Participant: 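Take a look at this one; I'll ask things after.
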Amino acid sequence: MTALSPDTIIEKAEQIRKSVASLKILDTHGNETAITVSIGASFHSSWEPDFLDTAIFEADRALYQAKQNGRNRVALFSSEMTGSPKKGLTTPKDYDILIKNNRVANLLKSEDAKSGV
């Protein structure tokens with residue numbers, strides 16, 4: 001098994017991104033259409049169960065950074081990624097509240113509508 005490191009995570013995410021981009025997808029009229037994916041990731045050298053909320057929050061910030069950099073990108077969370085990708089959500093606990101109240105799907109739909117995804 002490969003040891004995890006920030007470089008390994010980026011390498012694996014790039015492999016996934018390139019695999020998705022190489023897919024040949026046909027629309028309902030038989031025309032080929034391109035599909036891309038942006039990936040946000042978080043890395044911690046040690047792991048505790050309490051890190052999950054933080055890791056999800058950081059990966060989400062990295063995902064929005066990847067999209068802001070032009071989509072079809074990979075971004076690994078860094079401490080320079082300040083601010084919140086979604087207005088009003090500033091901590092992992094904010095996301096936890098949304099999850100517990102089954103509000104994540106509604107939030108994602110509204111964010112996709114705003115960004116035209």
Side-chain angles (χ1 to χ4, degrees):
M1 176 172 229
T2 305
L4 283 181
S5 70
D7 290 338
T8 304
I9 290 171
I10 291 171
E11 179 183 316
K12 296 299 180 186
E14 280 290 341
Q15 288 174 354
I16 293 168
R17 185 192 63 76
K18 289 176 183 177
S19 292
V20 170
S22 71
L23 294 173
K24 305 296 181 205
I25 306 294
L26 301 178
D27 66 17
T28 56
H29 302 291
N31 300 314
E32 197 172 289
T33 186
I35 293 180
T36 62
V37 63
S38 293
I39 300 172
S42 173
F43 176 79
H44 293 265
S45 58
S46 63
W47 185 256
E48 297 291 329
D50 293 343
F51 288 173
L52 182 59
D53 287 340
T54 299
I56 291 170
F57 181 75
E58 292 173 353
D60 188 57
R61 284 188 179 185
L63 172 61
Y64 276 82
Q65 183 67 50
K67 288 181 174 186
Q68 288 176 348
N69 289 342
R71 299 183 182 223
N72 195 28
R73 311 268 179 175
V74 170
L76 184 65
F77 178 82
S78 69
S79 59
E80 291 83 38
M81 293 179 185
T82 58
S84 176
K86 296 181 179 89
K87 185 178 180 183
L89 301 175
T90 57
T91 68
K93 195 164 250 172
D94 293 332
Y95 285 90
D96 190 42
I97 291 167
L98 287 173
I99 291 166
K100 285 180 182 173
N101 293 316
N102 294 318
R103 303 274 320 266
V104 174
N106 291 339
L107 177 68
L108 293 175
K109 286 179 191 173
S110 68
E111 287 300 315
D112 286 347
K114 288 179 196 172
S115 65
V117 175

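Just so we're clear, the structure is a prediction, and the values are computed from it rather than from any experiment. Residues take their numbers from the sequence shown, with the count starting at 1.
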Participant: To the nearest 0.5 angstrom, please state how far the CZ atom of F77 sits from the OG1 atom of T54.
Facilitator: 9.5 Å
Participant: Working to the nearest 0.5 angstrom, can you tell me the gap between L63 CG and Q68 CD?
Facilitator: 10.0 Å
Participant: Taking the side chain as every heavy atom from C-beta outward, state whether I39 and I16 have any pair of such atoms under 4.5 Å apart.
Facilitator: yes
Participant: For T8 and S5, which I'm curious about, is there any donor-acceptor pair between the side chains at under 3.5 Å?
Facilitator: yes
Participant: When rounded to the nearest 0.5 angstrom, what distance separates NZ in K18 from CG in N72?
Facilitator: 10.5 Å
Participant: Nearest 0.5 Å, please: how far is OG in S38 from CZ in R71?
Facilitator: 7.0 Å
Participant: Could you tell me which residues satisfy salt bridge (charged side-chain N to carboxylate O under 4.0 Å, His left out) with R17, sequence neighbours excluded, listed by chain and number?
Facilitator: E14
Participant: I'd like to check the salt bridge (charged side-chain N to carboxylate O under 4.0 Å, His left out) partners of E11; sequence neighbours left out, ordered by chain and number.
Facilitator: none
Participant: Side-chain donor-acceptor pairs under 3.5 Å in residues 23-31, sequence neighbours left out?
Facilitator:
{"residue": "D27", "atom": "OD1", "partner": "H29", "partner atom": "N", "Å": "2.8"}
{"residue": "D27", "atom": "OD1", "partner": "G30", "partner atom": "N", "Å": "3.1"}
{"residue": "D27", "atom": "OD1", "partner": "N31", "partner atom": "N", "Å": "2.9"}

Participant: Looking at S42 and A55, what are the two nearest heavy atoms and their distance?
Facilitator: CB-O, 3.5 Å
Participant: Step by step, work out the side chain to side chain contact (heavy atoms under 4.5 Å, CB included) result for V20 and T36.
Facilitator: CA-CA 6 Å; V20 170; T36 62; 5.8 Å; no
Participant: Holding to side chain to side chain donor-acceptor pair (under 3.5 Å), I want the full list of residues that pass it with Q65, two or more places apart in sequence or in another chain.
Facilitator: N69
